[in-house]
Amino acid sequence: MPAQTTSLPTAATPEAGPAPRTIRNFIGGVPVDGVAGFDKFDPVDGSRIALVHEAGAEQVDRAVAAARAALDGPWGRMSVAERARLLRRVADVIDRRAEELVATEVGDTGKPETLARELDVARAAANFRSFADTVSAAGLDSYLTELPDGRSALNYAVRKPLGVVAVIVPWNLPLLLLTWKLAPALATGNAVVVKPSEETPSSATLLAEILVEAGVPAGVVNVVHGFGAGSAGEALTRHPGIDGVTFTGESSTGSAIMRAVAPRVRPVSFELGGKNAAVVFADADLDHAIAGLARSTYLNTGQVCLCTERIYVERAVFDEVAAGLAEQSRRLRLGRPEDPATTTGPLISQAHREKVRSYFELALEEGATVLAGGGVPSLGAELDGGAWIEPTLWTGLDHSHRTVREEIFGPAAALIPFDTEEQAIALANDTDYGLAAVTWTSDLARGHRVAQRMRVGMSWVNTWYLRDLRSPFGGVGLSGIGREGGHHSLEFYTEPTNVCVQL
């Protein structure tokens, strides 16, 4: 069910039954009420699980002011070594409270517990440790300049925090992506105001409490809840006290944020949508490739920006790959997140399921042949109120069809044959997006050659989602602006100042 704004109740009544869990904004180190409330529903069964306080302009003002005050306080005078030690303490507290974070992620997203534990929470701790290491080892340019009169000058650069940064994160990997931005922002001495998705408010709020427990000063990290246009998101991005915006989410929202910050010429870092391609050559290890395609298509129910939605297969092995991947699709097990046998959770919401279903219908209108899935499963009375969808594969589509060109962000992909390497590259690059691509081949030279010609920010060969946290992460075209990861993140979150001293 879509979230709906309501007035905030003062107390539960016996007639209404017990009140849902309440999630408040977190500003200056304390919970803060909002101006209204909205419901959060469990995507597993559709039940109402929380009432979330929506921040208005007053709460956003208060959050920005708290962040600015933190910069002017002890946090702004903390050394790099002190911040790095603090980030490591944050990682230790995340490890200690890991099961609480698993519960919040599962409650908000419905994903299997094993996935939340092994991916989201494990990466959250790793992000803080990685950026503690990165900022500790980071250096900047220095030059000894020879002058015409025989003297010299020393030029060296120092990093300064960008300031108060708006951190806006999506609902698909809410904890992982928040820490991916928060860790480098804090490592470089910024203060932040976080606006999580209205669909996933819980882990950001819990993480803010964890940061305080670890010793991060009050006001360094603030959390405001709400929506985009006409709500906390718009108020935050238009706020004159914000020095930069980092955002992961839909391309259209990125465009709206750019318009909001343009009058003040604030820097932005965007990781946006994708319509990612995989290319399978006939010489690939097909068992390995099919298993990899199943993962890249269906991980987190296809709700990962890096997931594969277009699969190009060399014609000689097209039928074999299609049959193998369809079989992998049918082996997936949809079910409750605590069940160890569950491989695949629901979509995030009923509204998102309707979007994905509309593409299932569109694919049929465009002449697709369904190899697997294509509908809504029946999982019994306990779960049928959830946002479930079947893992789906199509053939019979081409680049004239919207299903192949528009991002679906669900567990669905189209398989398309190709005949030559040049044709495969041209098909993969025929998109307005440019986030990620995968090449499957046993020819190492071909793997390098094709991967380098992909018009994307990340290009894998014979693997997918394998990340070195120091490497650049981001996309081109409608897939984003800028890069995150390692020193690339440090460059966004800091302003270098050159100091010139005549000797």
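We use all heavy atoms of the structure for the numbers below, so side chains are in, but hydrogens, waters and symmetry mates are not. Keep in mind that this is a model prediction, so the values were computed, not measured.
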Set of residues satisfying side-chain hydrogen bond (donor to acceptor under 3.5 Å, both in side chains) with respect to Glu327, sequence neighbours excluded
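By the side-chain hydrogen bond (donor to acceptor under 3.5 Å, both in side chains) rule, Glu327 matches Arg331.
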
Spacing of Leu299 atom CG and Thr343 atom OG1 [to the nearest 0.5 Å]:
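Answer rounded to 0.5 Å: 10.5 Å.
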
Sub-3.5 Å donor-acceptor pair from the side chain of Tyr433 to the main-chain atoms of Leu272, do we have one?
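Between the backbone of Leu272 and the side chain of Tyr433 there is no qualifying donor-acceptor contact (under 3.5 Å).
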
Whether Asp108 side chain and Ser202 backbone form a donor-acceptor pair below 3.5 Å
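It does hold such a pair.
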
From Asp430, Asp432, Asp398, residue fulfilling salt bridge (charged side-chain N to carboxylate O under 4.0 Å, His left out) relative to Arg405
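So, applying the salt bridge (charged side-chain N to carboxylate O under 4.0 Å, His left out) to Arg405 and each of Asp430, Asp432, Asp398, only Asp430 qualifies.
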
Would you say that [X] contacts [Y] through its side chain, given a criterion of any heavy-atom pair below 4.5 Å between the two side chains?
| X | Y | answer |
| --- | --- | --- |
| Arg266 | His239 | no |
| Lys181 | Thr248 | yes |
| Leu347 | Lys355 | no |
| Leu51 | Asp39 | yes |

If every non-hydrogen atom of Val279 is compared with every non-hydrogen atom of Ala428, which pair is closest and at what distance?
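Taking every non-hydrogen atom into account, CG2-CB, 4.3 Å.
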
Closest approach of Thr297 to Ala413 (non-hydrogen atoms, all atoms of both residues):
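Smallest interatomic distance, heavy atoms only, reads CG2-CB, 3.8 Å.
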
Would Arg446 count as a cation-pi partner of Phe281, with NZ or CZ less than 6.0 Å from the six-membered ring centre and within 45° of the ring normal?
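Yes.
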
Check: Trp440 ring centroid to Tyr312 ring centroid under 6.0 Å
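No, they do not, as the ring centres are separated by 6.0 Å or more.
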
Are more than 12 heavy atoms, taken from residues, nucleotides or ligands other than [X], located less than 6.0 Å from that residue's [atom1] atom?
| X | atom1 | value |
| --- | --- | --- |
| His448 | NE2 | no |
| Glu491 | CD | yes |
| Arg117 | CZ | yes |

So that I can tick it off, tell me whether [Y] and [X] are bridged by a salt bridge, with the cut-off set at under 4.0 angstrom between side-chain N and carboxylate O.
| X | Y | value |
| --- | --- | --- |
| Arg333 | Asp339 | no |
| Glu234 | Lys195 | no |
| Glu366 | Arg402 | no |

Member of Glu309, Glu407, Glu406 meeting the side-chain hydrogen bond (donor to acceptor under 3.5 Å, both in side chains) criterion with Lys275:
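The side-chain hydrogen bond (donor to acceptor under 3.5 Å, both in side chains) with Lys275 is passed solely by Glu309 among Glu309, Glu407, Glu406.
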
Determine whether Ser47 and Asp45 satisfy the following criterion, side-chain hydrogen bond (donor to acceptor under 3.5 Å, both in side chains), listing intermediate values before the conclusion.
CA-CA 6 Å; Ser47 62; Asp45 59 18; 2.7 Å; yes

Step-by-step side-chain hydrogen bond (donor to acceptor under 3.5 Å, both in side chains) determination, Thr308 to Asn276
CA-CA 5 Å; Thr308 301; Asn276 306 305; over 6 Å; no

Would you sort out whether Thr344 and Tyr298 count as a side-chain hydrogen bond (donor to acceptor under 3.5 Å, both in side chains), showing the intermediate values?
CA-CA 8 Å; Thr344 307; Tyr298 300 127; over 6 Å; no

Do the ring planes of Phe227 and Phe38 sit parallel (below 30°), tilted (30 to 60°) or perpendicular (above 60°)?
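Rings of Phe227 and Phe38: tilted, as their planes differ by 30° to 60°.
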
Take Glu54 and Ser231, measure what side-chain hydrogen bond (donor to acceptor under 3.5 Å, both in side chains) needs, and give me the verdict at the end.
CA-CA 8 Å; Glu54 180 183 4; Ser231 185; 2.5 Å; yes

